[in-house]
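Reviewing the structure listed below.
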Number of protein chains: 2
Amino acid sequence: MATSNLKEEVYQELSRVTHALSHPKRLELVDLLSQKAFSVDELSHEINMTVASTSQHLQVLKAARLVTTQREGNFIFYRIADDSVARLVLAVRELGFSRNAEINRIITDFRADKNILETITLDDLLAKSKKEKILLLDVRPEDEYQAGHIEGAVSIPVSQLKKRIGELPKGKTIIAYCRGPLCVMSVEAVKILQAKKYPAVQLEDGYMEWKLKQEELSH
Amino acid sequence: MATSNLKEEVYQELSRVTHALSHPKRLELVDLLSQKAFSVDELSHEINMTVASTSQHLQVLKAARLVTTQREGNFIFYRIADDSVARLVLAVRELGFSRNAEINRIITDFRADKNILETITLDDLLAKSKKEKILLLDVRPEDEYQAGHIEGAVSIPVSQLKKRIGELPKGKTIIAYCRGPLCVMSVEAVKILQAKKYPAVQLEDGYMEWKLKQEELSH
DNA sequence: AATCTATTCTATTATTTTATTGAATAGTAG
DNA sequence: CTACTATTCAATAAAATAATAGAATAGATT
């Protein structure tokens with residue numbers, strides 16, 4: 001009787017995962033939650049939607065078991081269920097970046113528009129740190145830095161960079177990073193740094209990309 | 001002007017990929033195409049849908065650049081665009097298998113129903129081959145074997161197994177594999193083999209899982 | 001107990017997706 | 001050229017999804 005429903009039933013279940021990730025805002029939510037836990041209210045501002053809509057999308061992610069919730073006082077904090085969820089979204093992004101001409105056009109246009117000359121990846125980072133003295137700068141909001149950051153990084157949120165720029169040493173190349181390739185905080189930071197004649201470069205990857213890579217290396 | 005549309009536009013594009021994979025039949029199609037190229041007609045039989053519906057789903061996959069087409073005579077053959085697509089679907093499956101209780105229930109029930117006692121994974125395979133003499137048996141249709149198979153495997157499609165069972169050596173443990181964990185051909189094969197007193201075990205993984213693992217190892 | 005706050009739920013409307021059917025198309029073979 | 005085949009397209013109806021606004025809820029604070 002249960003002869004060949006196996007495939008149907010399992011694919012049905014699996015499609016709940018892909019379906020949950022099939023909406024752009026939900027992809028964005030998972031990417032955000034890869035950084036740290038957020039309240040619904042915070043998330044709604046980040047993704048620029050009403051609280052009610054944000055909540056709806058979070059329900060979908062929760063029903064697919066991609067995120068979990070935890071109440072803390074008045075707030076309900078959403079967090080990613082597992083690093084494997086971040087890994088899946090990363091795989092989607094890499095597939096898109098490597099194979100989708102439209103995405104490449106969007107990013108190329110953006111870089112041209114922002115006069116971004118040089119960016120480096122995590123793979124380049126090690127090589128660069130051997131050639132010259134570098135300082136790794138985390139420009140995300142401080143609570144994200146505290147929830148986890150790339151080893152050796154120093155925290156100055158981009159919002160405070162102008163007034164705290166004196167804290168930075170001269171004579172080192174500053175590598176600024178934020179949430180990842182779709183986050184513009186490091187773009188902003190590099191612009192500020194270069195205006196003050198600091199040698200600064202943007203790291204394409206963010207904290208979660210580094211973390212996932214660390215885990216891979218330890219296997 | 002293009003100040004902060006970057007994220008929106010890219011997530012929009014990325015969601016085309018996840019959206020294409022958000023339907024159970026389309027997941028199944030991609031899994032099938034991981035084995036070899038198929039015509040629309042063949043695929044429609046495999047996934048048990050009308051040719052028109054199958055074609056529609058294939059258009060969706062094609063629009064998301066997950067598959068490509070090539071005409072050969074009267075037929076149009078669909079193939080997977082890239083191994084990274086198979087890798088993505090594998091990641092979805094692994095996430096589902098590891099974290100979704102419902103999927104585990106479905107599979108446990110299925111195994112109980114079929115009296116399946118022992119299955120092994122690719123990781124177990126090497127260890128087992130050192131302990132005892134084994135024969136790796138590919139029970140998929142022969143054209144799939146010819147399109148690519150696990151190194152050292154011998155082909156006897158499950159449909160021919162009963163009459164060709166004499167070709168198999170006695171005294172070796174037979175490890176039967178097919179398209180992967182959701183394919184029942186190896187289940188069937190093991191049942192036939194055990195009925196004839198051959199020591200036989202089912203390999204959970206299939207050809208594509210092996211191939212992706214090989215690629216990983218070579219990096 | 002009453003109030004306040006963050007989140008979720010409900011109802012509604014507009015939009016998108018899906019399966020089905022039958023017609024149209026592109027290319028093959030006679 | 002004609003008939004044939006595999007595939008795609010087009011039209012339809014049913015179902016699912018999404019955004020919105022406002023009501024309801026659960027827990028914290030007073």
Side-chain angles (χ1 to χ4, degrees), chain A residues 7-9 11-30 32-33 36-80 143, chain B residues 8-9 11-30 32-33 36-79 143:
Chain A
K7 255 192 328 194
E8 265 74 15
E9 286 183 53
Y11 280 120
Q12 179 67 50
E13 279 299 315
L14 290 176
S15 70
R16 287 190 211 283
V17 171
T18 41
H19 171 255
L21 296 176
S22 71
H23 190 287
K25 293 292 184 184
R26 292 198 293 261
L27 279 177
E28 192 176 352
L29 284 169
V30 174
L32 273 167
L33 295 172
K36 78 174 220 313
F38 285 87
S39 70
V40 180
D41 191 65
E42 289 175 307
L43 289 170
S44 73
H45 288 104
E46 289 285 349
I47 70 168
N48 201 27
M49 288 198 106
T50 65
V51 174
S53 292
T54 305
S55 175
Q56 306 263 58
H57 283 304
L58 288 167
Q59 310 291 316
V60 175
L61 291 172
K62 193 180 175 186
R65 298 157 195 263
L66 298 178
V67 303
T68 60
T69 59
Q70 189 184 357
R71 182 176 274 270
E72 282 177 34
N74 251 336
F75 298 86
I76 292 179
F77 280 88
Y78 278 79
R79 61 192 75 228
I80 207 163
D143 51 355
Chain B
E8 265 74 17
E9 286 183 54
Y11 280 119
Q12 180 68 50
E13 278 299 316
L14 290 177
S15 70
R16 287 190 212 284
V17 171
T18 41
H19 170 254
L21 296 176
S22 71
H23 190 287
K25 294 291 184 183
R26 292 197 293 262
L27 279 177
E28 193 176 350
L29 284 169
V30 174
L32 273 167
L33 295 172
K36 78 176 220 316
F38 285 87
S39 70
V40 180
D41 191 64
E42 288 175 307
L43 289 170
S44 74
H45 288 105
E46 289 284 351
I47 70 168
N48 200 28
M49 288 197 106
T50 65
V51 174
S53 292
T54 304
S55 176
Q56 307 262 58
H57 283 303
L58 288 167
Q59 311 290 317
V60 175
L61 290 172
K62 192 180 177 185
R65 298 157 196 263
L66 299 179
V67 303
T68 61
T69 58
Q70 190 184 357
R71 183 176 273 272
E72 282 177 36
N74 251 336
F75 297 86
I76 293 180
F77 280 88
Y78 278 79
R79 61 191 76 227
D143 51 354

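Below, chain A is the first sequence line, B the second, and so on; all start at residue 1.
Using a 4.0 Å cut-off, no side-chain N or O of B/Arg71 falls inside it from OP1 or OP2 of D/dA6. Taking 4.0 angstrom as the limit, B/His19 places none of its side-chain polar atoms (N or O) nearer than this to OP1 or OP2 of C/dT16. Regarding contacts with the backbone of D/dT8, a side-chain N or O of B/Ser55 is found under 4.0 angstrom from either OP1 or OP2. The side chain of A/Tyr78 places no N or O atom within less than 4.0 Å of a non-bridging phosphate oxygen (OP1 or OP2) of C/dA6. For C/dA19, one of the phosphate oxygens OP1 or OP2 lies less than 4.0 angstrom from a side-chain nitrogen or oxygen of B/His57. Taking side-chain N and O atoms only, B/Gln59 has no distance below 4.0 Å to OP1 or OP2 of D/dT7. Residue A/His23 has a polar side-chain atom (N or O) positioned under 4.0 Å from OP1 or OP2 of D/dA19.
The CZ-P distance, from A/Phe75 to D/dT25, rounds to 22 Å in whole Å. What separates CE of A/Met49 from P of D/dA21 is a distance of 12 Å, to the nearest Å. For A/Leu21 and D/dT17, the CG to P distance is 14 Å, given to the nearest whole Å. Distance CG (A/Leu43) to C1' (C/dA6): 13 Å, rounded to an integer number of Å. Rounded to whole angstrom, the span from the CD1 atom of A/Ile76 across to the P atom of D/dT25 amounts to 15 Å. If you take CG of A/Leu58 and C1' of C/dA6, they are 13 Å apart, rounded to a whole angstrom. For A/Glu42 and C/dT5, the CD to C1' distance is 15 Å, given to the nearest whole Å. In this structure, CG of B/Asn48 is placed 16 Å from C1' of C/dT18, rounded to the nearest angstrom.
Checked by atom type and distance alone, the side chain of B/Arg16 never pairs as donor or acceptor with a backbone atom of B/Thr18 at under 3.5 Å. Here the side chain of B/Ser53 pairs no donor or acceptor atom with the backbone of B/Thr50 at under 3.5 angstrom. For B/Arg26 (side chain) and B/Ala20 (main-chain N/O), a donor-acceptor pair under 3.5 Å exists by modelled atom type. Using modelled atom types, no side-chain atom of B/Lys25 and backbone atom of B/Thr54 make a donor-acceptor pair closer than 3.5 Å.
Residue-level contact check: A/Gln56 touches the bases, meaning some heavy atom is under 4.0 Å from a base atom. Looking at heavy-atom distances under 4.0 Å, A/Phe77 makes no contact with the nucleic acid at all. Within 4.0 Å (heavy atoms only), B/Ser39 reaches sugar-phosphate atoms of the nucleic acid but no base atom.
Distances from the side chain of A/Ala52 to the nucleotides D/dA19, C/dC9, C/dT20 place C/dC9 closest.
Take the nearest nucleotide of DNA chain C for A/Val40 and for B/Asn74: the residue whose nucleotide is more 5' is A/Val40. Toward the 5' end of DNA chain D, the nearer of the two residues A/Gly73 and B/Asp41, judged by each one's closest nucleotide, is B/Asp41.
Neither side chain, B/Thr68 nor B/Lys62, offers a donor N or O lying under 3.5 Å from an acceptor on the other.
The closest side-chain heavy-atom distance from B/Leu33 to B/Tyr78 is below 4.5 Å.
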